[in-house]
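All chains are named by letter (A, B, ...) in the order of the sequence lines, taking the proteins before the strands, and each is independently numbered beginning at 1.
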Number of protein chains: 2
Amino acid sequence: MKDTKEHIINTASTLFLQKNFKEVTMKEIVDKTGLSKGAFYHYFESKEKLFMEVIDNILFSQMYFDYDKYSNKSFYEFYHACANNTNVINETKSENIQDTGKSFYSPNFYFLIFDAMNLLPDFRKKMEGYLEKERNAWISAIKRARECGEIKTTLTDKHIASFFISTADGIALNLIIGGKYGNLKKELLSLWNEFYKSIKT
Amino acid sequence: MKDTKEHIINTASTLFLQKNFKEVTMKEIVDKTGLSKGAFYHYFESKEKLFMEVIDNILFSQMYFDYDKYSNKSFYEFYHACANNTNVINETKSENIQDTGKSFYSPNFYFLIFDAMNLLPDFRKKMEGYLEKERNAWISAIKRARECGEIKTTLTDKHIASFFISTADGIALNLIIGGKYGNLKKELLSLWNEFYKSIKT
DNA sequence: ATTTATAAACCGAACGGTCGGTATAATTAA
DNA sequence: TTAATTATACCGACCGTTCGGTTTATAAAT
């Protein structure tokens with residue numbers, strides 16, 4: 001059944017967003033899914049294969065953001081859309097996470113990224129490709145905004161892009177450590193909006 | 001002997017900078033130190049206790065940065081000093097890391113931070129305290145720069161501080177993923193310098 | 001100076017427990 | 001009846017840790 005497999009992937013996703021690969025045990029996955037080991041290994045040949053599917057499911061579908069959709073919109077709209085997209089995972093997954101009393105940090109995919117780089121040989125290239133695409137989208141959006149007179153600044157397109165991308169990651173990281181990842185969108189827009197004010201014409 | 005214990009901590013430090021707590025095995029620690037398990041447990045009562053000492057050693061000594069030293073210097077000097085401090089760990093530890101052929105990422109303490117938050121109950125508060133101190137140092141340095149006419153901008157002190165701090169983390173994260181953590185200082189200063197140009201009087 | 005006594009440093013086999021994974025039986029669906 | 005699905009019992013490998021014992025350094029006694 002397709003449903004059962006998806007159910008396993010979803011359950012495992014929330015676990016892998018909380019803890020790293022080694023910390024999530026098969027017993028845990030089996031218990032949380034309400035299935036047995038036999039049932040699990042009917043659908044997946046190994047824990048690693050499951051992990052790969054989780055990676056694909058989370059990183060390369062949910063994380064995917066259609067930048068082209070904003071190619072004819074203003075830069076203001078572009079970065080607001082990006083801010084809205086940042087915590088898709090948080091919103092879609094955190095509802096499944098019950099507080100165990102232990103000091104879990106917020107669900108975040110930095111775990112996944114680090115683990116995936118260790119476990120999946122071709123992951124880094126895939127990730128780099130994604131990041132490059134993201135960066136190019138930002139750069140072209142900024143370039144467009146400058147050309148059509150939306151913004152005006154001495155800063156180069158590249159550096160502005162670098163600003164938006166790295167602040168997104170950096171603020172996310174800080175909020176995760178502080179246990180306040182839920183504020184990401186708010187914090188991001190606070191900084192981005194004021195920066196935007198300073199460069200808009 | 002103090003030497004042996006320090007030797008264990010140093011060896012373990014390089015390991016914990018490469019892999020997370022569970023991925024580093026006792027066998028590995030023992031082999032890399034050239035000691036036996038018995039010898040190890042003569043100095044540490046558990047793997048966790050060793051990990052705690054590694055945390056203290058790396059995060060709260062090496063990571064420590066004396067912001068007060070720059071209280072009478074220019075903001076330009078301040079952020080250059082911070083940029084120089086970012087990859088202290090990288091420089092001091094990476095020499096010990098031999099390339100095993102496996103796709104290790106650059107040594108970085110994001111592993112340590114994540115693991116420490118799970119394993120050590122009081123770590124988060126400690127970390128938050130450190131981050132707050134860091135942020136306050138930035139804010140007061142910026143405030144000073146504004147007051148004495150070094151910089152002039154519509155951006156608030158808080159947001160400028162947020163810019164510097166989050167870009168440091170964000171760029172570091174991106175470079176780790178790309179396997180080019182060694183470029184951190186260069187990349188950081190490239191962005192920071194140009195931003196500085198745009199706000200300096 | 002040499003022997004004796006005490007402690008620190010170190011070793012590696014072995015332990016109990018948990019890990020991911022498998023073989024096989026029971027159940028359900030077709 | 002046959003094939004797909006789920007459950008149970010079980011496996012060997014490996015984990016962190018323990019433990020009995022050896023070696024080496026330090027100090028005391030003769």
The ring-ring contact (aromatic ring centres under 6.0 Å, His included) partner of B:Y70 among B:F65, B:Y76, B:F75 is B:F65
* Do NZ/NE/NH1/NH2 and the carboxylate oxygens of B:K126 and B:D56 come within less than 4.0 Å? -> yes
Using ring centroids (six-membered ring only for Trp), state whether A:F16 and A:F109 fall under 6.0 Å. no
Inset, instruction - Would you verify whether the NZ or CZ of A:K5 falls within 45 degrees of the ring axis of A:F44 while also being under 6.0 Å from that six-membered ring's centre? - result: yes
note: B:L35, atom CG; C:dA8, atom C1'; distance rounded to Å ~ 14 Å
Close N or O pairs between protein and nucleotides 13-20 of chain C (under 3.5 Å):
unit_1 : atom_1 : unit_2 : atom_2 : d
C:dG20 : OP1    : A:V24  : O      : 3.4
C:dG20 : OP1    : A:M26  : N      : 3.4
C:dG20 : OP1    : A:K47  : NZ     : 2.8
C:dG20 : OP2    : A:M26  : N      : 2.7
C:dG20 : N7     : A:K37  : NZ     : 3.1

I'd like to know whether the aromatic ring centres of A:F164 and A:F195 sit less than 6.0 Å apart in this structure. yes
Within 45° cone of B:F21 ring axis and under 6.0 Å: B:K47 NZ or CZ: yes
Taken to the nearest whole Å, CZ/A:F40 to P/D:dA4 is 20 Å
To the nearest angstrom, the CZ-C1' distance between B:F51 and D:dG16 comes to 16 Å
ask   = Quick one: is D:dT5 close enough that its OP1 or OP2 comes under 4.0 Å of any side-chain N or O from A:H42?
value = yes
Atom CD of B:E45 and atom C1' of D:dC19 are separated, to the nearest Å, by 17 Å
- prompt: Quick one: is D:dT6 close enough that its OP1 or OP2 comes under 4.0 Å of any side-chain N or O from A:Y43?
  reply: yes
B:K49 NZ to D:dG16 P, in whole Å, measures 17 Å
